[in-house]
Undergrad: 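This is the structure I want to talk about, given as structure tokens.
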Amino acid sequence: MHLKRKFEQGEFAILAEIEPPKGVEISTMVTNAMRVKGKVDAFLVPEMSNAVMRMSSLGGAMILERKGLETVIQFNCRDRNRIALQADLLAAYACGITNVMAVTGEEPGFGDHHQARPVYDINLLELLQAIMSLQKGKDMAGIELSGAPEFLVGSTANAGAKGKSPELEHEEMNKKIESGAQFFITPPLFDLAAIQPFLKRVDLNKTKIIPTVLLLKSLGMARYMARNVAHVYIPDDLIQRIQKSPEKVRECTRIASEMVTAIKQEGLSGVLLATIGWENKLPEILDKI
């Protein structure tokens, strides 16, 4: 409950994304997480992001929780029907996982199992409402539970997203709040100015906004994302900064650290560090903050 307490007390929270392995070898995941224990408030365990088959988020989170590491577990609408989603939510809470995040989930065509059939039995708002119902002691069929979970519930908000209306996104976020969401994680943020039109519409004392700080791995990655990735804006001067640096990887870690500091100074509730396979770089990013 450390993360919930930080939110309640208005303290800045640092989350770090850590992918479960594609297999059963967990030593790398655990080692990378343990290296930043005490510096990271909670580890976000994605639910097979980009539709790539991996160990489940529930399994990954349980492993980290056993090591004394707080987690935020993702649940997506893509892979399970309403029965399975509710069952895993109850299992997660019974195993000591109290932070959950509801997401839609990318289409299977993005991943490595193109013949997989998506489920999407319920949509994102319905998933949030299902979590809220479970916390009130009833399942989606209205049947009473034997003991109810108590979650800290998060979801997504496309705050600062390229080509996204801040008014429309604020309306969508309010619908999620009405459905039980308590904090929101944004797409990768590389320029604080990009999120300002959205933040002007938000009461930051009541709504917890957690921007994602994505570690760029190379100049090529920065250029590709700037041109091709929807909902992400990367300024030209940042790309030029990486291009001019003789040590591009180190410069990328420095950029990530600076972004975390800027977000904290902006008065937001926290930050999510996403290193997409470079979790070994987390200590270097955090040491520079």
Undergrad: Indicate, with yes or no, if the rings of Phe7 and Phe183 have centres closer together than 6.0 Å.
TA: yes

Undergrad: Among Ile209, Leu272, Leu268, find the one that has a side-chain contact (heavy atoms from CB on, under 4.5 Å) with Ile263.
TA: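 For Ile263, the side-chain contact (heavy atoms from CB on, under 4.5 Å) test succeeds with only one of Ile209, Leu272, Leu268, which is Leu268.
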
Undergrad: Tell me whether Asn174 contacts the main-chain N or O of Ile177 through its side chain, where contact means a donor paired with an acceptor under 3.5 Å.
TA: no

Undergrad: Any side-chain to backbone donor/acceptor pair from Arg54 onto Met48? Under 3.5 Å, distance only.
TA: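 Absent.
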
Undergrad: When you measure from the side chain of Arg78 to the backbone N and O of Glu106, does any donor-acceptor pair fall under 3.5 Å?
TA: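 Indeed, once roles are kept as given, a pair shorter than 3.5 Å links the two residues.
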
Undergrad: Taking only Lys NZ, Arg NE, NH1 and NH2, and the carboxylate oxygens of Asp or Glu, determine whether Arg254 and Glu251 approach each other closer than 4.0 Å.
TA: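 Judged by the 4.0 Å cut-off on N to carboxylate O distance, Arg254 and Glu251 do form a salt bridge.
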
Undergrad: Which distance, rounded to the nearest 0.5 Å, do you find between the CG of Asn76 and the CE of Met101?
TA: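 Result: 11.0 Å between the selected atoms.
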
Undergrad: Name all pairs fulfilling the salt bridge (Lys or Arg N to Asp or Glu O under 4.0 Å) condition that reach into residues 196-220, sequence neighbours left out, sorted by first residue then second.
TA: Glu167-Arg201

Undergrad: I would like to know whether Glu17 and Leu273 meet side chain to side chain contact (heavy atoms under 4.5 Å, CB included); could you show each step before the answer?
TA: CA-CA 6 Å; Glu17 184 177 281; Leu273 287 170; over 6 Å; no

Undergrad: Do Tyr224 and Leu238 land in one hydrophobic cluster if side-chain heavy atoms of ILVMFWY residues count as linked below 4.5 Å?
TA: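 Cluster IDs for Tyr224 and Leu238 match.
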
Undergrad: Could I get the full list of side-chain contact (heavy atoms from CB on, under 4.5 Å) partners for Lys67, not counting sequence neighbours?
TA: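 For Lys67 the side-chain contact (heavy atoms from CB on, under 4.5 Å) partners, ignoring immediate neighbours, are Val30, Met34, Leu69.
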
Undergrad: Any carboxylate oxygen within less than 4.0 angstrom of a Lys/Arg side-chain nitrogen, looking at Arg35 and Glu284?
TA: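 The answer is no: the pair does not qualify as a salt bridge.
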
Undergrad: Any chance you could lay out the side chain to side chain contact (heavy atoms under 4.5 Å, CB included) test for Ile234 and Arg223, step after step, and finish with the verdict?
TA: CA-CA 8 Å; Ile234 302 180; Arg223 284 174 169 166; over 6 Å; no

Undergrad: Do Ile122 and Met140 make a side-chain contact, defined as non-hydrogen atoms from C-beta onward lying under 4.5 Å apart?
TA: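 Sidechains of Met140 and Ile122: in contact.
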
Undergrad: Strictly distance-based, threshold 3.5 Å: is any side-chain N or O of Tyr120 a donor or acceptor partner for the main-chain N or O of Gly105?
TA: yes

Undergrad: Please check if Val36 and Met29 belong to a single hydrophobic cluster, counting links between Ile, Leu, Val, Met, Phe, Trp and Tyr side chain heavy atoms closer than 4.5 Å.
TA: yes

Undergrad: For the CD atom of Gln182 and the OG atom of Ser269, what is their distance to the nearest 0.5 Å?
TA: 12.0 Å

Undergrad: Would a distance-only check, ignoring hydrogens and angles, find a side-chain to backbone donor-acceptor pair under 3.5 Å from Lys176 to Thr156?
TA: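 Present.
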
Undergrad: Can we say Lys22 and Asp112 salt-bridge, meaning some charged N sits less than 4.0 Å from an Asp/Glu carboxylate O?
TA: yes

Undergrad: Would you call Arg80 and Asp121 a salt bridge, using N to O less than 4.0 angstrom?
TA: no

Undergrad: Taking all non-hydrogen atoms of both residues into account, name the closest pair between Tyr93 and Ala148 and its distance.
TA: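 Closest pair (atom of Tyr93, atom of Ala148, distance): CE2-O, 4.3 Å.
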
Undergrad: Roughly how far apart are Leu125 CG and Leu127 CG, rounded to 0.5 Å?
TA: 9.5 Å

Undergrad: If we ignore hydrogens and angles and just use 3.5 Å, is the side chain of Ser57 paired with the main-chain N or O of Gln74 as donor and acceptor?
TA: yes

Undergrad: Going by an N to O cut-off under 4.0 Å, is there a salt bridge joining Lys136 and Glu144?
TA: no

Undergrad: Are any of the side-chain heavy atoms of Leu286 and Pro283 separated by less than 4.5 Å?
TA: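 Not in contact.
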
Undergrad: Is a salt bridge present between Glu70 and Lys6, judged by a nitrogen-to-oxygen distance below 4.0 Å?
TA: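 Not counted as a salt bridge, because no side-chain N and carboxylate O are separated by less than 4.0 Å.
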
Undergrad: Hey, is the main chain of Leu215 close enough, under 3.5 Å, to the side chain of Thr275 for a donor-acceptor pair?
TA: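 Pair absent, no side-chain N/O of Thr275 close to backbone of Leu215.
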
Undergrad: With no hydrogens and no angle check, do the side chains of Glu19 and Ser49 hold a donor and an acceptor under 3.5 Å apart?
TA: yes

Undergrad: Would Arg82 and Asp139 count as a salt bridge (charged side-chain N to carboxylate O under 4.0 Å, His left out) here? Give the steps.
TA: CA-CA 10 Å; Arg82 66 191 67 199; Asp139 66 13; over 6 Å; no

Undergrad: For Cys252 versus Ser218, what's the shortest heavy-atom pair and its separation?
TA: SG-N, 4.3 Å

Undergrad: Check for a donor-acceptor pair, side chain of Asp41 on one end and backbone N or O of Ile14 on the other, with a separation under 3.5 Å.
TA: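 Side chain of Asp41 to backbone of Ile14, a donor-acceptor pair under 3.5 Å: yes, one is there.
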
Undergrad: Please report the C-alpha distance between Glu25 and Ser27 in whole Å, then the side-chain angles of each, then the deciding distance to 0.1 Å, and finally whether the side chain to side chain contact (heavy atoms under 4.5 Å, CB included) criterion is met.
TA: CA-CA 6 Å; Glu25 177 49 65; Ser27 60; 2.4 Å; yes

Undergrad: Between the main-chain N or O of Phe43 and the side-chain N or O of Thr71, is there a donor-acceptor pair closer than 3.5 Å?
TA: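 Checked: no pair found.
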
Undergrad: Return the minimal non-hydrogen interatomic distance between Ile242 and Ala222, and the atom names on each side.
TA: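 For Ile242 and Ala222, the tightest heavy-atom pair comes out as CD1-CB, 4.2 Å.
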
Undergrad: Would you name the heavy atoms of Ile131 and Val100 that are closest together and state the gap between them?
TA: CD1-CG2, 4.2 Å

Undergrad: Donor-acceptor check, side chain of Ser245 to backbone of Arg241, threshold 3.5 angstrom: yes or no?
TA: no

Undergrad: Is it the case that atom CD1 in Ile83 sees more than 12 heavy atoms from other parts of the structure closer than 6.0 Å?
TA: no

Undergrad: Applying the 4.5 Å side-chain criterion to the ILVMFWY set and letting contacts propagate, would Leu199 and Leu189 be lumped into a single cluster?
TA: yes

Undergrad: Determine, using the 4.5 Å side-chain heavy-atom cutoff (strictly less than), whether Val45 and Phe184 are members of one ILVMFWY cluster.
TA: yes

Undergrad: Go through the steps for Leu152 and Thr98 under the test side chain to side chain contact (heavy atoms under 4.5 Å, CB included), then give the verdict.
TA: CA-CA 6 Å; Leu152 174 67; Thr98 58; 6.0 Å; no

Undergrad: Show the nearest heavy-atom pair for residues Phe198 and Glu169, with the distance to one decimal.
TA: CE1-CG, 3.8 Å

Undergrad: Give me the atom names and distance for the closest heavy-atom approach of Thr186 to Ala159.
TA: CG2-CB, 3.9 Å

